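For clarity, every value in this text was computed on a predicted model and none was experimentally measured.
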Amino acid sequence: MRLYDTESGEIRPLELRDPGKVSLYACGPTVYDHPHLGHARQAMTYDIVRRYLEWCGLDVHHAANVTDIDDNIINRATREGSTEPEIAAVWKDVYDAAIFDGLDILRPHTRPHATEYVDEMVAFIQTLVDNGSAYANDSGVYLRVASVNDYGGLVHRSLDDLREGAGARVEVDDTKEDPLDFALWKAAKPAEPTWPSPWGEGRPGWHIECVAMSLDVLGDGFDLHGGGTDLVFPHHTNERAEAIAAGRDFARHWMHNAMLNIDGEKMSKSLNNFRTIQDLLDEHPLNGRALRLLLLQTHYRKTMEINPEVMEQARGGIERIDAMGRKAAAAGVSTDGAALDADAVTAFRTAMDDDMGTPEAVATVFETVRRANAALDAGEDAAGLVATVVDLAGALGIRVGDAGAGGDDDAEIDALVAARTDARSAKDFAEADRLRDELTARGIVVEDTPTGPIWHRG
RNA sequence: GCGCCGGUGCCCGAGCGGCCCAAGGGAACGGCCUGCAAAGCCGUACAGUCGCGGGUUCAAAUCCCGCCCGGCGCUCCA
């Protein structure tokens, strides 16, 4: 598989540290508020990477941190008269429900929490202080950026370029030797949670947690490190700098997913077009899967558009896949042991191996859906094609729905559908239509097939 | 301001030197199927300038230059 690597700036083969095994670290959330659509794209991107690699037969270790101590958490705790651990616990649950349950994203195998890693972080910082790449003063401990070889390598910018930005934008902190130097450890401030350290009470800086945790969980020279493009600088640049300064082998490959726009504009709190995942999920029962399809139909490195219209369009796509599933189930097609369609699998693989070409991979799935429907209509053996759709869609995390039953009133609906079938047999079409209207009013869609009617919840 | 990424049909989006008179999804239209529908299949119209203007090349949506527009980053935001 070839992937775009942010550091080298080119698409290059994913070369694994240990053959057959993939170690993946995707930066996780800071838990203090509702997760939004941007979090969904981020989490979904690495969920798809993982699912595809697993589908290819690789043994993936997916790790994602949970940042449970930072300024935002402290501020919220203060504002609500709560405590930081409480805030973090509550919002982590909200995140998990929306992301993992709502969007059918696989839980990372390992989810280290920052507050559980303070000892490791302190030890890491000690290494940096000992080897002269970090210095302590009254306000904390800082990384001496100028001492790091190729500091701006990930963003492809020189130290001078970066200083220009830092000087222009940031309040110059004269306790630092260089405006670019950043905090590894922050000295205690009043009313903030603190941990002991050789440099006094305080709390860890932002970037140190990911370095300490990724290297501990996945080991030196792990394969893939990912996150949103907005993390390239400073977060990932600084993680990388810390690892380099400590003489550790860090990520072999960096990947970053693009941002998303709502109604043509960037999503932000100030523009008031901020959407939480839960809002979207509540809007329509198909939205979780529709969002996944929408995300898959755009390449992960391209800014994508999201608005009510495209969500509706994506729902249409999901319904198309489900309709095939229902039709196949009604025709009694068994996919057990059916041989997959080799052409489709090859096309799918080729697309995915080329820097996660999910839009083309999805196109292959839909083409296979059409071929399966045609075979089903013609009464030909469609098992292989249906199995291919289920398999390939599954590799992308899309489940193919079937009958759509599962409500408390299933028996009642079955009875109405049966009554309609009887009316149709008796050519009493007025009664048949009345019964169908009644079902429609209950949100049930009835589809007549050669093997009898099937129904699902619309 | 500096750096980076984009601008493709009605909408969303692939394609990134010849296989493109440009994939796939959604919407539209016609046909088949149906008692009528729905779903599905088949077909059609949509891109006659692939943001605009130059250039390179036998050949450009695809490469180069300039401009316009949108996005991201420039210290804690996915």
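B:C76 atom P lies 20 Å from atom CG of A:Asp68, rounded to whole Å. Atom CZ in A:Arg292 sits about 19 Å away from atom P in B:G13, given to the nearest Å. When the P atom of B:C12 is taken as reference, atom CG of A:Leu260 falls 15 Å away, rounded to whole Å. Atoms CD1 (A:Ile306) and C1' (B:C12) sit 11 Å apart, rounded to a whole Å. We find that OH of A:Tyr151 is positioned 10 Å from P of B:U75, with the value rounded to whole Å. In this structure, A:Arg41 places its CZ atom 12 Å from C1' of B:C72, rounding to the nearest Å. One interatomic measurement links the two molecules: CZ of A:Arg371 to P of B:G40, which rounds to 18 Å at whole-angstrom precision. As rounded to whole Å, 12 Å separates atom P of B:A14 from atom CG of A:Leu296.
Checked against side-chain hydrogen bond (donor to acceptor under 3.5 Å, both in side chains), A:Glu312 has no partners two or more places apart in sequence or in another chain. Take A:Asp353 and apply the salt bridge (Lys or Arg N to Asp or Glu O under 4.0 Å) test, not counting sequence neighbours, and it matches no residue. For A:Tyr117, the side-chain hydrogen bond (donor to acceptor under 3.5 Å, both in side chains) partners at least two apart in sequence or on another chain are A:Asp216. Applying the salt bridge (Lys or Arg N to Asp or Glu O under 4.0 Å) criterion to A:Asp104, with sequence neighbours excluded, gives A:Arg399. Applying the salt bridge (Lys or Arg N to Asp or Glu O under 4.0 Å) criterion to A:Lys92, with sequence neighbours excluded, gives A:Asp96. Partners of A:Asp377 under the side-chain hydrogen bond (donor to acceptor under 3.5 Å, both in side chains) rule, at least two apart in sequence or in another chain, are A:Lys327. Residues meeting the salt bridge (Lys or Arg N to Asp or Glu O under 4.0 Å) test with A:Asp71, sequence neighbours left out: A:Arg203. When the ring-ring contact (aromatic ring centres under 6.0 Å, His included) test is applied to A:Tyr52, the partners found at least two apart in sequence or on another chain are A:Trp55.
You'll find that the side chain of A:Thr298 is closest to B:G13, out of B:A78, B:C41, B:G13.
Counting any heavy atom pair closer than 4.0 Å across all strands shown, A:Val232 reaches no nucleic acid atom. Backbone-only contact: A:Asn373 has heavy atoms under 4.0 Å from sugar-phosphate atoms and none from a base.
For B:A61 and B:C4, the P atoms lie 26 Å apart once the distance is rounded to whole Å. Taking the P atoms as reference points, B:C41 lies 25 Å from B:A47, given to the whole Å. Here, B:C52 and B:C74 have their P atoms 32 Å apart, quoted to the whole Å. Spacing between B:C19 and B:G26 at atom C1', rounded to whole Å, works out to 28 Å. When the P atom is compared between B:C21 and B:G48, the two are found 14 Å apart, to the nearest whole Å. Annotation: B:A23 and B:C16 have their P atoms spaced 14 Å apart (nearest Å). Taking the C1' atoms as reference points, B:C29 lies 16 Å from B:G9, given to the whole Å. Rounded to a whole angstrom, the distance from the C1' atom of B:G17 to that of B:G30 is 39 Å.
Nearest-nucleotide positions on RNA chain B place A:Asp354 closer to the 5' end than the other of A:Asp354 and A:His207.
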Applying the Watson-Crick and G-U criteria (both distances under 3.5 angstrom) with [ ] for crossing and | for other-strand pairs, one obtains for RNA chain B ((((((((.[[[..)..(.....]]].(((((.......)))))......[[[[[..)....]]]]])))))))....

Side-chain atoms of residues 431-445 of chain A: list all donor-acceptor pairs with protein atoms under 3.5 Å, sequence neighbours left out, distances to 0.1 Å.
unit_1, atom_1, unit_2, atom_2, d
A:Glu431, OE1, A:Arg434, NE, 3.1
A:Glu431, OE2, A:Arg434, NH2, 3.2
A:Arg434, NH1, A:Glu438, OE1, 3.2
A:Thr440, OG1, A:Arg436, O, 2.8
A:Arg442, NH1, A:Glu412, OE2, 3.2
A:Arg442, NH2, A:Asp409, OD2, 3.4
A:Arg442, NH2, A:Glu412, OE2, 3.0

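Remark: of the listed residues A:Phe233, A:Trp185, A:Phe182, A:Phe124, A:Phe182 is the sole one forming a ring-ring contact (aromatic ring centres under 6.0 Å, His included) with A:His207.
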So which protein N/O to nucleotides 2-8 of chain B N/O distances come out below 3.5 Å?
unit_1, atom_1, unit_2, atom_2, d
B:C2, O2', A:Arg157, NH2, 3.1

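A donor-acceptor contact under 3.5 Å links the side chain of A:His36 to the base of B:A78.
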Nucleotide by nucleotide, nucleotides 19-39 of chain B touches protein heavy atoms under 4.0 Å in the pattern (B base, S sugar-phosphate only, - none) ----BSBB--------BBBBS

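A:Arg2 and A:Asp355 are not joined by a salt bridge, as no carboxylate oxygen comes within less than 4.0 angstrom of a charged side-chain nitrogen.
The shortest distance between the side-chain N/O atoms of A:Asn72 and the OP1/OP2 oxygens of B:C77 is below 4.0 Å.
In this structure, A:Arg144 forms no cation-pi arrangement with A:Tyr135, as its terminal cationic atom is not both closer than 6.0 Å to the ring centre and no more than 45° off the ring axis.
Judged purely by distance below 3.5 Å, without hydrogens or angles, the side chains of A:Asp391 and A:Thr388 never pair a donor atom with an acceptor atom.
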